[in-house]
2 protein chains.
Amino acid sequence: MLKIGKLTDYGILVLDALAQVGAVKQSTEELATATGLTVSTLRKVMKTLVDAGLVIARRGAHGGYKLARSPQQIRILDVVEAFEGPVALTECSQSASDCEIQSSCSLVSGWMGVNELLMQILSRVTLEDVRQQTLSQHLPSTLLDANQRIRLINL
Amino acid sequence: MLKIGKLTDYGILVLDALAQVGAVKQSTEELATATGLTVSTLRKVMKTLVDAGLVIARRGAHGGYKLARSPQQIRILDVVEAFEGPVALTECSQSASDCEIQSSCSLVSGWMGVNELLMQILSRVTLEDVRQQTLSQHLPSTLLDANQRIRLINL
DNA sequence: TGGAAAGATTACCACACTGGTATGCTTTAT
DNA sequence: ATAAAGCATACCAGTGTGGTAATCTTTCCA
Ligand code: SF4
Ligand code: SF4
């Protein structure tokens, strides 16, 4: 599956709704109707988003939420990390690894490379890309030749 | 986190061990000592690997396992899909989606793009890449300029 | 042809995580 | 003061994962 959590998904959903209205503050109720989520669920989502500094909250009467920066400056990686912590494909990708066979494993640095690669990709896709469907839906399925491949790997 | 399952990881571990010895068949016991996994766990891993056609099994006395094709021809995506099913970042990425707000969601095709992109990347990294640490461990962290970015997104 | 060597199949269970929900607290504008 | 908002916490059912064992089936060879 390699799926992202549903809450992460909801996070993007909220950011999209906020981007839609520009700089206008939105209340939890307004976001609820805009996104179709329940208020309870929204609260959890908003907390994460605020803690991560992706949206700015204003409390009290006439409060509400607005984007902390423009959709072009919000990376998918930011959102994913906000909800799910650092990207770590394998156990040993994390600092506090508890893989029992790590000492005798020769693949640690190999996985690191893949991990880094995916992070680089996710850091280059922005909220705006997802909103505007910048990414072509039908990518060419032909394999790249060796040179292109190296360039892709090494960015 | 965005982590792959531990069993998937073990799968790569086994494939690495098989690649190490070339065309020689390996028994479950031999793989157990080579990888540090228990025999019970290995059985589950091997079943998945065999079902996916990534390794070839020979039963009976003098049986064992060997790689179905060369490490260069085994894509990480193949292994991931074997253990975790089709890559589907969001609910709606799967055919049988059960996201309740999908009808009123404008991000479906946006996510599709990201999903495709990640799959393309994972399909271009092979077992050999992970074994030989082909991927540079320290990728340049400077952002690409606009043109390069478009080329990356559109492959 | 029988037995040993090997893989295949199935079932079971503890545990952690996820998603969903409710309840009460704090801040701020008027 | 009061109402409108966001903030914090706690709870819980369901699910998925990882780990383990017990049993069946195939193949080779003495
Ligand atoms: S040490 Fe090896 S087996 Fe353990 S998590 Fe890392 S790659 Fe996987
Ligand atoms: S339909 Fe929208 S909210 Fe539902 S899974 Fe897809 S992207 Fe997420």
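Below, read A as the first sequence line, B as the second, and so on, with proteins coming before strands; counting in each chain starts at 1. Computation of the quantities below employed the complete heavy-atom set of this structure, encompassing side-chain atoms and omitting hydrogens, waters and symmetry-equivalent molecules. Because the structure is a prediction, the values reported are computed rather than measured.
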Practice prompt. State, without any angle test, whether Ser70(B) and Gln72(B) hold a side-chain donor-acceptor pair at a distance under 3.5 Å.
Written response: yes
Practice prompt. Measure the distance from CE on Met46(A) to P on dA8(D) and round it to the nearest whole Å.
Written response: 13 Å
Worksheet item: Between dT15(D) atom C1' and Glu84(B) atom CD, what is the distance in whole Å?
Response: 16 Å
Discussion item. If the cut-off is 4.0 Å, is Thr38(B) near the phosphate of dG19(D), judged by side-chain N/O to OP1 or OP2?
Written reply: no
Worksheet item: Going by modelled atom types, is there a donor-acceptor pair between the base of dG20(C) and the side chain of Lys44(A) at under 3.5 Å?
Response: yes
Worksheet item: Counting only N and O atoms by type, is there a donor-acceptor contact under 3.5 Å from the side chain of Asp9(B) to the main-chain atoms of Thr90(A)?
Response: no
Worksheet entry | Spacing between Arg43(A) atom CZ and dA8(D) atom P, to the nearest angstrom | 12 Å
Worksheet item: Looking at Leu67(B), Val130(B), Thr126(B), which hits side chain to side chain contact (heavy atoms under 4.5 Å, CB included) with Ile74(B)?
Response: Leu67(B)
Practice prompt. Could you pull out the closest heavy-atom pair between Ala19(A) and Arg131(A), with the gap in Å?
Written response: CB-NH1, 3.4 Å
Worksheet item: In whole Å, what is the span from the NZ atom of Lys6(B) to the P atom of dC15(C)?
Response: 15 Å
Item to complete: Would you please say whether a donor-acceptor pair under 3.5 Å links the side chains of Asp51(B) and Thr48(B)?
Response: no
Item to complete: For Met1(B) and dT17(D), give me the distance from atom CE to atom P, rounded to whole Å.
Response: 15 Å
Worksheet item: Where the side chain of Ala57(A) is defined as all heavy atoms beyond and including C-beta, which of dG20(C), dG6(D), dA8(C) is the nearest nucleotide?
Response: dG6(D)
Worksheet item: What integer distance in Å separates Leu37(A):CG from dG20(C):C1'?
Response: 11 Å
Fill in: Spacing of Leu13(B) atom CG relative to dG18(D) atom P, expressed in whole Å
14 Å
Worksheet, complete the sentence: Rounded to whole Å, the CG-P distance (Asp9(B) to dT17(D)) equals 15 Å
Identify the pairs formed between an N or O of the protein and an N or O of nucleotides 1-5 of chain D at a distance under 3.5 Å, and give each distance.
| unit_1 | atom_1 | unit_2 | atom_2 | d |
| --- | --- | --- | --- | --- |
| dA4(D) | N3 | Ala61(A) | N | 3.4 |

Fill in: Exercise: do Glu84(B) and Thr8(B) side chains pair donor with acceptor under 3.5 Å
yes
Worksheet item: Can any side-chain N or O of Ser27(A) pair as donor or acceptor with the backbone N or O of Glu30(A) at less than 3.5 Å?
Response: yes
Discussion item. Does a side-chain N or O of Tyr10(A) approach OP1 or OP2 of dG20(C) to a distance below 4.0 Å, or not?
Written reply: yes
Worksheet item: Are OP1 or OP2 of dG7(C) and a side-chain N or O of Lys47(B) less than 4.0 angstrom apart?
Response: no
Practice prompt. Classify the nucleic acid contact of Phe83(B) as base, sugar-phosphate or nothing, counting any heavy atom under 4.0 Å across all strands shown.
Written response: nothing
